[in-house]
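Quick notes on the structure that follows.
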Amino acid sequence: MKQTINDKTIKELESIFVDLGFQKFRVKQVFRQIHVNKINDFNEMTDLPTDMREQLCKDFEIQKVNLLETYASNIDSTKKYLFELNDGNIIEAVFMKYDNRKTICISSQVGCRMGCTFCASTKNGLVRHLSAAEIIDEVYELERLNGDINNIVIMGIGEPLDNFKNITKFIEIITNDKGRNLSHRSITLSTSGLTPKIYELADTGLDVNLAVSLHYATDEQRRQYMPVARKYNIVGLMKATDYYLDKTKRRISFEYVVIDGLNNRDIDVENLSKLMHGKNIHINLIPLNPIEEFKHDKTSKKVINDFKDKLTKKGLNATIRYSMGQDIEASCGQLRNNYAR
């Protein structure tokens with residue numbers, strides 16, 4: 001069985017290449033070809049000797065994602081992609097352009113087991129984790145299609161902290177200064193609130209931006225709509241984010257999908273104010289993008305603006321993040337589910 005090579009750190013490659021009798025300087029050559037030039041075929045690494053390329057082809061593979069479908073929005077710059085993995089599973093990724101900055105939203109799992117009622121990604125459960133190599137090639141394939149990007153948001157299909165080992169390996173490799181050399185500040189990881197993993201992430205030194213999917217300001221509501229809250233309560237979650245801020249000096253963002261009549265009432269404003277007043281946090285208000293399984297209407301601009309005004313009057317730092325690519329089902333999981341049907 002071939003060994004995957006595009007999920008190996010330089011140190012790991014050094015150990016492998018020494019055992020194979022390759023010269024040490026070949027490590028950086030191969031690492032650069034994969035992570036700078038984004039080459040995913042050993043035969044195209046023409047700076048390597050022919051016999052070395054032949055042995056790499058024999059013993060190793062560069063794990064790839066394969067472009068299946070492309071959807072381009074007619075109302076903004078958003079593009080959404082379906083990628084097929086080598087085992088036939090399908091994931092989604094999104095490309096967005098704001099002025100001259102390019103941002104991608106990538107998936108970390110095939111499906112999701114978090115069970116949030118308003119999210120399409122989780123409706124068929126978790127199939128499997130993505131490997132670090134698959135996540136890396138997901139990014140590189142998006143760059144092959146759109147040029148180098150500025151920001152990565154790990155907010156697509158899946159719960160990143162549920163795939164902790166592969167996600168942290170991915171971050172370690174893609175930020176390596178001998179390779180893609182993306183800044184930690186350019187990566188945002190979104191979690192539904194796996195409290196122990198937030199502590200663990202803080203201790204890795206991979207000080208990426210953290211976005212927490214809050215959506216409700218009380219444990220009672222979170223437990224009803226977000227099963228993760230049955231295990232990890234809000235007090236514990238806030239302590240974990242305080243720890244993350246203290247360790248990384250990164251301001252925490254809280255994602256809040258506004259659902260009219262459900263989580264935008266005056267009592268919700270009061271609860272959010274009590275929860276977050278005086279903290280170095282930012283609240284991202286997101287209009288609900290309806291899915292078939294969650295019977296609530298799309299949030300109007302008036303509703304979300306009114307809610308934002310109430311929060312800011314309480315002294316909270318809140319902004320509205322309008323969804324892009326509305327005409328191409330850009331809510332996470334929708335395209336994958338519809339394609340599967």
Side-chain angles (χ1 to χ4, degrees), residues 1-67 83-89 91 93 104 106-110 128-150 152 154 160 163-184 186-187 189 201 203-208:
M1 185 175 177
K2 291 185 177 182
Q3 187 175 179
T4 302
I5 200 170
N6 54 325
D7 62 352
K8 300 294 185 288
T9 64
I10 286 183
K11 188 174 181 180
E12 289 170 332
L13 278 181
E14 284 176 352
S15 176
I16 292 168
F17 280 18
V18 165
D19 289 344
L20 292 171
F22 295 149
Q23 294 163 297
K24 190 174 180 180
F25 75 91
R26 297 296 184 190
V27 171
K28 290 183 180 178
Q29 281 183 293
V30 172
F31 194 82
R32 181 174 178 81
Q33 288 283 29
I34 295 172
H35 298 288
V36 177
N37 299 331
K38 304 181 186 72
I39 289 176
N40 57 12
D41 184 341
F42 294 118
N43 291 313
E44 294 179 14
M45 298 181 184
T46 54
D47 59 342
L48 304 179
T50 302
D51 59 344
M52 182 178 176
R53 279 180 270 156
E54 289 174 351
Q55 188 164 355
L56 289 172
C57 288
K58 177 185 174 185
D59 296 337
F60 299 92
E61 69 168 342
I62 299 173
Q63 207 163 30
K64 306 173 186 177
V65 302
N66 305 296
L67 180 63
F83 291 127
E84 186 175 26
L85 308 177
N86 289 340
D87 61 2
N89 277 302
I91 58 170
I104 57 174
I106 62 171
S107 294
S108 56
Q109 295 176 311
V110 181
R128 69 170 177 85
H129 299 313
L130 291 187
S131 69
E134 287 171 324
I135 301 168
I136 286 166
D137 199 59
E138 187 181 356
V139 173
Y140 293 168
E141 184 61 20
L142 287 165
E143 293 196 313
R144 293 180 197 114
L145 293 164
N146 299 290
D148 285 355
I149 55 88
N150 305 102
I152 295 174
I154 313 172
N163 187 14
F164 190 86
K165 181 180 177 181
N166 289 317
I167 280 293
T168 52
K169 187 73 172 292
F170 155 73
I171 295 170
E172 181 183 358
I173 291 172
I174 208 160
T175 56
N176 187 283
D177 62 2
K178 301 294 190 299
R180 179 61 182 82
N181 195 25
L182 194 71
S183 166
H184 290 85
S186 299
I187 300 173
L189 183 150
L201 181 65
D203 290 338
T204 63
L206 301 173
D207 51 343
V208 298

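This one's a predicted model, so the numbers in the text were calculated from it and none came from an experiment. The first residue in the sequence is number 1, and the count goes up from there.
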Would you give the length of the straight line joining atom CZ of R180 to atom OH of Y140, rounded to the nearest 0.5 angstrom? 7.0 Å
Is a donor on one side and an acceptor on the other found under 3.5 Å between the side chain of K28 and the backbone of K178? no
Any non-hydrogen side-chain atom of L85 less than 4.5 Å from a side-chain atom of I91? yes
So, K2 side chain and C57 main chain: donor-acceptor pair closer than 3.5 Å or not? yes
Without swapping roles, check the side chain of T204 against the backbone of L201 for a donor-acceptor pair under 3.5 Å. yes
Side-chain H-bond candidate by donor/acceptor type, S131 with Q63, under 3.5 Å: yes
Ion pair present between R53 and D41, side-chain N to carboxylate O less than 4.0 angstrom? no
Any side-chain heavy atom of L206 within less than 4.5 Å of one from T168? yes
Rounded to the nearest 0.5 Å, how far does CD of E54 lie from CG of L48? 12.0 Å
Distance from K8 atom NZ to I10 atom CD1, nearest 0.5 Å? 14.0 Å
What distance separates F170 CZ from D137 CG, expressed to the nearest 0.5 Å? 11.0 Å
Yes or no on salt bridge (Lys or Arg N to Asp or Glu O under 4.0 Å) for K169 and E172, after CA distance, side-chain angles and deciding distance? CA-CA 5 Å; K169 187 73 172 292; E172 181 183 358; over 6 Å; no
To the closest 0.5 Å, what do you measure between CG (N43) and CG (L56)? 9.5 Å
Look at K11 together with E14 and state whether they make a salt bridge at an N to O cut-off of under 4.0 Å. no
Side chains of Q29 and R26: donor-acceptor distance under 3.5 Å anywhere? yes
Test item: D87 and V110 side chains (from C-beta on) under 4.5 Å apart, heavy atoms: no
d(K58 NZ, F42 CZ) to nearest 0.5 Å is 14.0 Å
Indicate yes or no: at least one non-hydrogen side-chain atom of N166 is less than 4.5 angstrom from one of L130. no
Taking the side chain as C-beta and beyond, is there a heavy-atom pair between N86 and N66 under 4.5 Å? yes
